Amino acid sequence: MNGSRVCSDDYGLLTTARDWLAAGRQPALVTVLKTWGSSPRPPGSLLVMCRDGSHAGSVSGGCVEEDLLARYRSGELGELPTRIDYGVNREEATRFGLPCGGRLELLVEALTDTAELDALLAAMDGHRLLAREVDPASGRVQLRPAGPEPTFACGESSVIRVFGPAWRMLLIGAGHLSQYVSRLALMLDFDVIVCDPREEYARDWQVPGTRLVTLMPDDAVAAHTGHSRSIVLALTHDPKLDDMALLDALASDAFYVGAIGSHRNCELRRQRLRDLGVPETQLQRLHAPVGLPIGSHTPPEIAVAILAEITALRNAAAPAAGVHRISAA
């Protein structure tokens with residue numbers, strides 16, 4: 001795995017399911033198909049459970065899991081796959097702890113093929129996106145390479161869940177701002193790599209859970225952002241380092257490329273990149289000044305703005321209409 005980290009939730013759940021299946025423990029996979037009203041977990045959320053009550057992952061705040069486990073142990077769920085509705089009325093929603101009239105629809109399917117789970121885990125290890133498509137009526141499963149598509153899609157005849165590597169964040173610069181950005185990113189389950197070839201910055205980097213590399217920025221981009229779940233943030237204020245990273249990042253498959261600086265400095269940076277031959281189509285991908293316009297000034301506030309924008313885009317949420325960027329540094 002070249003020292004990389006895969007998405008802990010999906011990878012851990014699939015590993016657990018594979019191990020339980022290999023041990024003959026009859027695991028079942030539960031997927032949140034749809035939600036109405038307020039729901040603790042979004043569509044695509046996963047739970048794996050065994051008849052002995054063991055389980056990993058979640059589909060709600062806890063009460064639904066308890067009921068599912070009891071019904072699975074007793075054999076009440078019947079033949080799998082099957083769809084289940086929770087919270088179809090106010091009484092049931094209250095019973096299962098679904099807030100504000102919430103309702104969720106689940107798909108429960110038996111896991112029977114360790115080769116399928118091994119293939120999904122291998123794809124994640126290899127930084128590849130793999131779609132698992134199941135027919136909810138027959139339980140037939142197909143695996144295929146995934147492209148630029150939603151992580152989860154639910155239709156009448158197919159349920160598609162995309163598995164892949166962790167969202168990786170490469171920070172250029174081991175300065176004060178990067179400390180706050182990296183801590184927030186770790187809480188959001190990003191794989192965080194910090195690049196700084198400057199000895200005086202690299203030697204003082206101390207954020208547990210991150211990895212520090214002292215490569216030149218362009219080499220770090222080439223080595224650590226080889227998939228579409230990559231994010232590159234240029235945070236040094238030094239054009240020699242930031243521009244070097246941006247040149248390669250904008251030409252890559254990176255999901256998000258951002259840089260700090262005032263509006264004026266960001267326009268100067270764009271002109272430098274034009275002069276270096278970067279086409280306008282690539283420059284349009286550059287988020288600079290980086291982050292949502294929340295009036296941020298201090299490093300912690302700027303870090304919040306940066307992670308908020310990335311999270312919004314990662315969740316396919318568009319910025320509010322009429323909102324304009326302000327300088328994040």
Side-chain angles (χ1 to χ4, degrees), residues 1-33 41-60 62 64-66 68-75 77-84 106-147 149-154 158-168 189-191 209 226-229:
M1 292 169 57
N2 299 322
S4 64
R5 191 169 70 105
V6 292
C7 180
S8 60
D9 288 347
D10 283 353
Y11 196 84
L13 186 142
L14 291 175
T15 300
T16 298
R18 191 264 319 275
D19 292 345
W20 285 346
L21 181 56
R25 296 178 64 183
Q26 296 181 292
L29 181 67
V30 186
T31 305
V32 178
L33 298 182
R41 298 285 283 148
S45 298
L46 302 175
L47 166 77
V48 63
M49 61 183 181
C50 291
R51 294 192 185 278
D52 62 8
S54 301
H55 62 284
S58 67
V59 293
S60 79
V64 166
E65 283 84 349
E66 291 179 16
L68 273 171
L69 288 165
R71 295 170 71 178
Y72 190 44
R73 282 196 302 267
S74 68
L77 294 182
E79 186 177 350
L80 301 182
T82 186
R83 291 178 185 250
I84 304 176
L106 307 175
L107 174 66
V108 185
E109 53 181 308
L111 293 176
T112 60
D113 187 357
T114 55
E116 171 203 325
L117 299 173
D118 285 335
L120 290 169
L121 291 167
M124 297 172 76
D125 280 337
H127 305 295
R128 293 179 288 111
L129 296 175
L130 200 62
R132 180 182 187 269
E133 184 171 357
V134 58
D135 180 341
S138 68
R140 185 173 59 88
V141 174
Q142 291 185 356
L143 300 182
R144 60 169 174 79
E149 59 188 275
T151 300
F152 181 74
C154 176
S158 70
V159 175
I160 301 170
R161 177 64 151 75
V162 175
F163 294 87
W167 286 85
R168 173 173 292 173
D189 205 30
F190 284 94
D191 177 20
H227 56 75
S228 60
R229 292 186 176 185

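All of these numbers come straight from a predicted model, not from anything done at the bench.
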Quiz prompt | R18: side chain to side chain donor-acceptor pair (under 3.5 Å) partners, not counting sequence neighbours | solution = D118
Self-check item: Residue pair V48 / P27: nearest heavy atoms and the distance that separates them
Solution: CG2-CB, 4.0 Å
Quiz item: P81 and P136: which non-hydrogen atoms are nearest, and at how many Å?
Solution: CG-O, 3.3 Å
Quiz prompt | Beyond-backbone contact of E65 with V30, side-chain heavy atoms, under 4.5 angstrom | solution = no
Quiz item: Under 4.5 Å between any side-chain heavy atoms of P165 and L129, yes or no?
Solution: yes
Quiz item: By side chain to side chain contact (heavy atoms under 4.5 Å, CB included), which residues pair with Q26, not counting sequence neighbours?
Solution: R51, Y72
Quiz item: If every non-hydrogen atom of A166 is compared with every non-hydrogen atom of D191, which pair is closest and at what distance?
Solution: CB-CB, 4.2 Å
Self-check item: F163 side chain near L121 side chain, heavy-atom distance below 4.5 Å
Solution: no
Exercise. Starting at CG of L117, measure out to OG1 of T15 and round the result to the nearest 0.5 Å.
Key: 9.0 Å
Practice problem: Check whether any side-chain heavy atom of D9 sits under 4.5 Å from a side-chain heavy atom of L46, and report yes or no. | Solution: no
Quiz item: Can you find a heavy atom in the side chain of L33 that is under 4.5 Å from one in the side chain of F152?
Solution: yes
Quiz item: Checking side-chain contact (heavy atoms from CB on, under 4.5 Å) against V59, which of I84, T31, V32, V108 comes through?
Solution: V32
Self-check item: Gap between atom CG of L14 and atom CE of M124 - 0.5 Å precision
Solution: 6.0 Å
Practice problem: To the nearest 0.5 Å, tell me how far L21 CG sits from L29 CG. | Solution: 11.5 Å
Quiz item: Rounded to the nearest 0.5 Å, what separation is found between the CG atom of D52 and the CH2 atom of W20?
Solution: 7.5 Å
Exercise. Report yes if the side chains of L106 and V64 come closer than 4.5 Å at any heavy-atom pair, otherwise no.
Key: yes
Quiz item: Step by step, would you call R25 with S54 a side chain to side chain donor-acceptor pair (under 3.5 Å)?
Solution: CA-CA 10 Å; R25 296 178 64 183; S54 301; 2.8 Å; yes
Exercise. Locate the shortest heavy-atom distance separating A56 from L13; write the atom from each residue and the value.
Key: O-CD1, 3.6 Å
Exercise. Report yes if some heavy atom in the side chain of T151 is under 4.5 Å from a heavy atom in the side chain of R161; otherwise report no.
Key: yes
Practice problem: Begin with the C-alpha distance, continue with both residues' side-chain angles, and end with the deciding distance and a verdict on salt bridge (charged side-chain N to carboxylate O under 4.0 Å, His left out) for E109 and R132. | Solution: CA-CA 13 Å; E109 53 181 308; R132 180 182 187 269; 2.9 Å; yes
Quiz item: Minimum heavy-atom separation for L143 to A119, with atom names?
Solution: CD1-CB, 3.8 Å
Quiz item: Of all residues at least two apart in sequence or in a different chain, which pass the salt bridge (Lys or Arg N to Asp or Glu O under 4.0 Å) check with R71?
Solution: D67, E76
Quiz item: Which heavy atom of A22 sits nearest a heavy atom of T114, and at what distance?
Solution: N-CG2, 4.1 Å
Exercise. Measure the CE-CG distance between M49 and L77 for me, rounded to the nearest 0.5 Å.
Key: 5.5 Å
